[in-house]
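What you are looking at is a predicted structure, and each value in this text was computed from that prediction instead of being measured.
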Amino acid sequence: MSSDDRDDQAPSLSFLDIIACAFGAIVLLVLIIPVGEFGVKGDDPEQYLAYGQLLLSVEELEEEIMATQQEVNRNQQLLAQLDSELGTASERSDSILKSIERTRSESARISNLSQILSSARTVVEKPVQKTVVATEYSGIPVDSEYVAFVIDTSASMKSIWSDVMYEVESVLSLYPQMKGFQILNDQGTYLFSNTRRQWLDDTPTRRLEVKQKIRRWRAFSRSSPAKGIYTAVSDLYTRDIKMAVFVFGDDYQGSDFDGFLDSVDAVVRRNRVSEGSLRIHGIAFSNPIPGFGVASPIGFSILMRELTSRYNGAFLALPQQGAPYKVTLRNDGGLPAFR
C-alpha cells in the first residue's frame, strides 16, 4: 500500500471512534439522568441517584399502604361480621338459657316420675296377697263360682223387703269374687229380662244396678219356689261349674212336699248335674202380717231342710223382725256387696 492510501484512511477511523464514543455517552446519560415527570435540573449525579432511590421508596410505601388499607378493609368487614355474630350469639345465649331452664324443669319432673316408677315397681314386685275366702261361713259353704238367687216376691215378702234386700247384699258379700250371678223370683222371672239364660258379670257397677232395680221389683209370685229352682238349674247350669242357689222365702203355699222335691230331682238329672257341683241353700224369714197374724215359715222350713240336705247346702231361719237379736250372713271381712 502507498503512503497516500494510508493518509486517506486515517481520518475516517478517528471519526468513527468519535461517533461511537459520543453515542455511548448519550446512552449513559439516558440511563443515569431521570427524564419525563421524574427529571430535575442539576449538575450533581449523586442528587439524581438519591432522587431515584427516593422514588423507589415512595413506590414501595404506596404499595405497602395499599396492602395495609386492604387489610384494614378486611378487618372492618370482619369486625362488622363479628358484631353481627355477637348479637346473634346473645340471642342464642338467651335461647340456650331458656332451654337450660326447661331442661332443669324436665329433669325434676323425670326425677319425680322415676321415684313414682320406683315405688310402682316395688308394689308390682311385692308378692301379691291373694284374697282367701273361707269355704264355709256361718255354716254355709261359700266355695261356689256362680250364685243364683230365687226370691219370693209375694205381698208378704214385700212387707219386709228392706230385710230381704239386706240379706241379698249379705250373701253377695260372702262371694267377693264370683264368675257370675243371677236374680230370679220363685216363678222363674228374671230381674233383668234381657239376661235370660245367661250369667251377670260380677262387677261393682252390676251389683249397684241390681240393688237399684231389686228395690222396685214387682214380679208376680205364688210363694212356691219350685219353678224358680227349676228355671235356674235348667237355664244356667253347665257342666264342670260350681253353682249355688239361694232360695229366699217366708212361706210355702203348697202341700205336696214330695212332688216338689221330685220335680227338683228331675231337672237335676235332666241337666246331668255332676255330683257335688250344685248346692242349694235356704233362707227363711219370719214375717208378721197385720190382719193375718204371722206368715208361718214352717212349711217352707220343712221343704228347705230336706232340699238343702240333698244338695249339700245349708238352711238358716232368720228371727222375727223386731226381735232383740238379729242373725246376719254378712261377711265383714269380705268386700262390700254394693258400693
State the [atom1]-[atom2] distance between [X] and [Y], to the nearest 0.5 angstrom.
X    : Y    : atom1 : atom2 : value
I283 : F315 : CD1   : CZ    : 8.0 Å
Q182 : Q198 : CD    : CD    : 7.5 Å
S224 : F260 : OG    : CZ    : 6.0 Å
L208 : Q212 : CG    : CD    : 4.0 Å
M243 : Y146 : CE    : OH    : 11.0 Å
D265 : R310 : CG    : CZ    : 4.5 Å

Between K227 and D186 (salt bridge meaning N to carboxylate O under 4.0 Å), is one present in this structure? no
Salt bridge between D235 and R196, side-chain N to carboxylate O under 4.0 Å? yes
Would you kindly say whether S154 and D152 are connected by a side-chain donor-acceptor distance under 3.5 Å? yes
Does a donor on one side chain and an acceptor on the other come within less than 3.5 Å for Y237 and S277? yes
Using every non-hydrogen atom in the two residues, find where [X] and [Y] come nearest and quote the distance to one decimal.
X    : Y    : answer
A244 : S144 : CB-OG, 3.3 Å
F300 : P225 : CE1-CG, 4.2 Å
M165 : K211 : CE-O, 3.7 Å
T153 : A219 : OG1-O, 2.8 Å

Might you work through the ring pair (Phe, Tyr, Trp, His ring centres under 6.0 Å) test for F257 and Y252, ending with a clear yes or no? CA-CA 10 Å; F257 294 97; Y252 175 56; 5.6 Å; yes
Where the side chain of [X] meets the backbone of [Y], is there a donor-acceptor pair that is under 3.5 Å apart?
X    : Y    : value
D202 : M178 : yes
T203 : R206 : yes
S159 : S156 : yes
W161 : I214 : yes
H281 : F246 : no
N271 : V273 : no
S173 : S170 : yes

Using the side chain to side chain contact (heavy atoms under 4.5 Å, CB included) rule, take K179 and W199 through it: C-alpha gap first, then chi angles, then the decisive distance, then the call. CA-CA 8 Å; K179 293 184 178 179; W199 293 104; over 6 Å; no
Testing L184, T189, V168 for side chain to side chain contact (heavy atoms under 4.5 Å, CB included) with I151, which one passes? V168
State yes or no: are the ring centers of F181 and Y175 separated by less than 6.0 Å? no
Answer yes or no: are there more than 12 heavy-atom neighbours, outside R272 itself, under 6.0 Å from its atom CZ? no
Residues F192, I183; criterion side chain to side chain contact (heavy atoms under 4.5 Å, CB included); working and verdict: CA-CA 8 Å; F192 296 94; I183 312 289; 5.7 Å; no
Do the rings of F149 and F248 sit parallel, tilted or perpendicular, given the 30° and 60° boundaries? perpendicular
Going through the checks in order, is the side chain to side chain contact (heavy atoms under 4.5 Å, CB included) test met by L307 and I229? CA-CA 11 Å; L307 189 62; I229 298 172; 3.6 Å; yes
K158 side chain near R218 side chain, heavy-atom distance below 4.5 Å: yes
Answer whether the closest heavy-atom distance between the side chains of L200 and L191 falls below 4.5 Å. no
Identify the residue among D143, N312, T308 that makes a side-chain hydrogen bond (donor to acceptor under 3.5 Å, both in side chains) with R279. D143
Please report the C-alpha distance between L303 and L261 in whole Å, then the side-chain angles of each, then the deciding distance to 0.1 Å, and finally whether the side chain to side chain contact (heavy atoms under 4.5 Å, CB included) criterion is met. CA-CA 8 Å; L303 187 63; L261 296 172; 4.2 Å; yes
